[in-house]
Every structure is written in C-alpha cells, then in structure tokens.
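We count ligands from 1, going down the list as the structure has it; atoms in each ligand are counted the same way.
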Amino acid sequence: MPTSQPIHPFLSGLGKSRMAPPSVVVIFGASGDLTARKLIPAIYNLGVDNLLPNVFFLIGCGRAPMQDEDFQKLVLESIKSYSRRPLNEALWKHLCACISYHQVEIEDTIAYQGLLNKIQALEQHTQQELQSIFYISTPPQAFKPILENLGNSGLAERHLFSPLESKVILEKPFGRDLASAKELNAIIAKQFEEKQVYRIDHYLGKETVQDLLVQRFTNAIFEPIWNYQYVDNVQITVAEELGVGTRGGYYDKSGALRDMIQNHTMQLLSLVAMEPPVSSSPEDIRNEKVKLLKAIQPLKLAVNERDAIRARYTEGLINGVKVPGYLDEGNIPGQSFTETYAALRFFINNWRWKGVPFYIRSGKRMARRVTEIAIQFKRSPGTLFEDRHFTRVPANSLIIQIQPDEGMSFILNSKIPGLETRIQPVKMHFRYATTYGSNTPEAYERLIIDCIMGDGTLFIRGDEAISSWQICTPILEFWEECKDAGLATYPAGSWGPLEADKLLWETHHEWRRIGLY
Ligand code: BG6
C-alpha cells in the first residue's frame, strides 16, 4: 500500500521488518456501527501507515442484500466521517479495488460455502494463499451460529498449523456471566484452536495501556516500591461523561459491571498488579494476568459490610447542559434496577499486595471523561516538618493517565519559596502529545494489525475471561437478587454516590480528587 506520510513513531518496529502475510479480513456485521466508526477507519489508517499486507482483501458480510459498490460507498463514508486522517485519493483507489460484499444469513450454511468459494477464487486470482481473519462484530446471539458455520464450512481450518491459519476476532460481550462465558468458550473450542482466537478488549489496544508494561518493566526505579511496603492503595477510575445515549436497550441488560468492570477495568488492574512475566511472549504475559486474577479475594457482599457499591445517575448537568436521569433515557424500562456506576474494593492475596486495597470505579455521566490509575504511596514518616505549620505532609502519587490527555504524573512535595517552610504537592508531568505529537493510532489499529501478524498479546485468553467472570458473577447475582435495594443514585455530572465515598472512608482512604492536582 503506498503512502506519502511519515510512519508514526508509535508504529515504528511494525513496518518492513515484520511483513504482514497476504490476508483477507471478513467482517460479520459489515453495516454495523462499530464497523463504520472503528474497524474501517482502523484498516484505512493501517493502509496510510503502509502496514497492510501487500496482498489484502476486505469482505463485508451481513444480512442486507448489497452490491460490492454499495459496500464500498459505506466504507468510503466511514473513512470520511471517522478516520483520524483525511482521505488520500490514491490510497482509496487502491483499497477500494480490494473491497467486496457477501450476503450471509447467519444460519444459512450455503452462504458460508459461498464465502469459502469467494476466498478460494481470490487465492486463484492472486496465485497466493491467504490468511483468513473472521471479525465477528455482531450482537452476541449471532456468535454461536457464525462460529459453528465457520467450523462446518471448513473456513475455520483453512491452512491450519501454518502461519496462514484462519483467525477469529470476537467483540465483547464475551458472555454475560460465568456460565455463559464457559459455554461460549466451549463453542469456540469445538471449531478453533485457542491460538486462532482473538478476544477483543479495546482498552488493551490503547497506547497508554501498552505503555504501562513498558513503564513498569523497563524503569528499574518502580519495581522496588511496587508492593505492600510502599503502596498504600491503588485507585482505578474509568469515568465517562456520556450517558447511555441510543444504546439503552443493550445497556439496560448489561450495566456498569458487565459493560466496563468485568473487561476493561479488570484488564487495567491485572496489568498494574501482575508479577513481571518471564518474557514478553503472549502466553507469558497472559499467564501472569490469570495468576493475578486468581489471587483476588472474593468480595464481601453483605449489606452492612460490603466491598461493592452500585448506583444509577439521576438528572443533572454535564458541562452546564441539563441531561436526563437514566430512567428517562430511551428504551429503559421503568422497573429497571441496572447500575450505571460501580465502585469495588479488591484485595489481592499474594506476597506483593497483601493488605493493599485496590479501589475501582466506573460510571456513565460522571463529572468528566477520564481513565486513570493512581498509585497512592505511603506517607513519609514526615516528623521533620510536621510541626506547627501543617499536620500531615501529603503522600506521593503516581498517576497513569490512560485518557484523555494521555500521560503520567508524579505528585511530589515541595517547599513553597519563602522564609517559612510551607509544603505543597507539585506535579511532574509527562505528556504523550508533547513528546510524540498528538496523532496517536486508535486502539483498533493496533489490535487489527496484531491479529494479522498473529500476535495475541493484547487479546484476552479464554481462561482470562473466565477468571474475570469468576470474580464478577457473584456480585451480579447478589445485585440481581437485591433488585433495587442498595442501588444508590448520583446526579449526572458528579463523581458518583456518597456510598462510594463511604466505601473508602471505612478503610481510611478517600478517592483522589481528579483535576485538583
Ligand atoms: C465500551 C462500552 O466497551 O467502552 C461503552 O460498551 C463505553 O459503554 C466504551 O462507552 C468506552 O470506551 P472508550 O474507549 O471511549 O473509553
């Protein structure tokens, strides 16, 4: 694929030294929202960076009857609307010629045979064997028939045990609880080897999430203090300003725990707390994440002694604009007791983290959009300065800001200039945009190219998904039993319910005041 633009520094190392194998990417759910907003722009931007294979095809699959030209138009619209970089006509001409559409009723076995014929015809035409990547970006009820038909038609086992073996990418949700996740794993395992399976968690494709591993395991200053002796508590916040918008129907059956905690925040927790892997191979990294998840102590759920808080937003102000409460959003049943906010306190039963609380919170319609991991260190003994002027010297924190304004900050104490000794926390900043420029690749770019290259490091392994559900399912079951008893509220535009503050007060902590410093 030609490009006139320089390769972004974040993508260096992925270029010529790792030639992408000839591939066909087949997207199930071709006219869906995710395809338009994320997948197509990601593929286009990989083309801009000259990272797509020299022999590359994109086949959109869906129920709707469509000509190739209609699908090409959809693709073009999606690039124009959502690509982070403008349309390059020469590149588009090249890409457009590689795009086609195949109508598939998901239960219709003949349609999968047709897809196989189509891929084989492309192979004959190019005189090249192709790696097939099946991207399942459909509602979850379609996963099973698609997976079974990929198996039965022989598409799943094409070029098996060679570098060109078929791969399948699955979008979330990966089950709705422990039992359904196990069932889904079993369905997959009947048709695919685990190494062919790429379960997406788009947070793992975010630059800052990947950088977490680099920061932790290449900066020797961190390891000696990354444990119960120096860390007082860890706080992970994944806050959104957005409400449920048009996704009420989906969201009400999901809730914050399934939608954000079980996957994205548990991933952040595993990466920040896991032991150093013995190598950077996908299996070694994922083994450590699973070990970490297994070490998490079951949460207390009793009404008077609980580690888990849930709440839903009521009417409020977001950036000065009045927004409705959750129950007044579209497609939300009046009897709903779905949570739009969850705060949890975890303890990890291992040598490194014994006794250190990990607080996690995620919510919609919060004061501002921010995802961060705050490592709150223990206080210095401080007796030297804790006299008449101040009672407590603040503790140090390391803030890993995942988004927006990606970066990392250290909060240190310093003396305010003057004749008196007055101490104030100050922030040392590292900002990606300042150091590397602001046009960072989208998570889906990294994930799609990694799958094309056969690198599963940033994808969820089957046992990882299960371990995470093992932690979250008892909470969900308890909340389902309680219905709305214990479901707190918070006004849209706030930092969550008072109950979540109390959760931390019980263990003599408080949530970091984001934005203050
Ligand atoms: C998705 C959730 O997985 O992540 C959405 O289903 C949420 O509800 C989104 O809004 C947040 O992703 P990001 O990348 O905007 O933080």
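Short contacts between ligand 1 and K172, defined as distances under 4.0 Å to a heavy atom of the residue, involve ligand atoms 1 (C), 2 (C), 3 (O), 6 (O). Heavy-atom contacts of H202 reach the following atoms of ligand 1: 1 (C), 3 (O), 4 (O), 12 (O), 13 (P), 14 (O) (cutoff under 4.0 Å). Each of the following atoms of ligand 1 lies closer than 4.0 Å to a heavy atom of K364: 5 (C), 7 (C), 8 (O), 10 (O).
Around atom CD of Q335, no more than 12 heavy atoms belonging to other residues, nucleotides or ligands sit under 6.0 Å away.
Shortest contact from atom 15 (O) of ligand 1 to any protein heavy atom: R369 NH2, 3.8 Å. Y203 OH, 2.4 Å is the protein heavy atom nearest to atom 16 (O) of ligand 1. At the top of the distance list for atom 9 (C) of ligand 1, counting protein heavy atoms only, stands E240 OE2, 4.0 Å.
For residues 481-490, the set of pairs meeting the salt bridge (charged side-chain N to carboxylate O under 4.0 Å, His left out) definition, not counting sequence neighbours, is empty.
Aromatic ring pairs are classed by plane angle as parallel below 30°, tilted from 30° to 60° and perpendicular above 60°; the pair F28 and F134 is tilted. In this structure, F358 and W353 have perpendicular ring planes: the angle between them is above 60°, well past the 30° mark.
Side-chain N/O atoms of E171 and Y135 include a donor and acceptor closer than 3.5 Å.
The option with the heavy atom closest to atom 6 (O) of ligand 1, from among T371, N263, D259, is D259. Heavy-atom proximity to atom 5 (C) of ligand 1, evaluated over Q403, R247, K206, is greatest for R247.
Applying the side chain to side chain donor-acceptor pair (under 3.5 Å) test to D33 and every residue at least two apart in sequence or in another chain returns R37.
Residues E339 and R312 are not paired through a salt bridge, judged by the lack of any N-O separation under 4.0 Å between the basic side chain and the carboxylate.
Heavy-atom separations between Y251 and ligand 1 are all 4.0 Å or longer.
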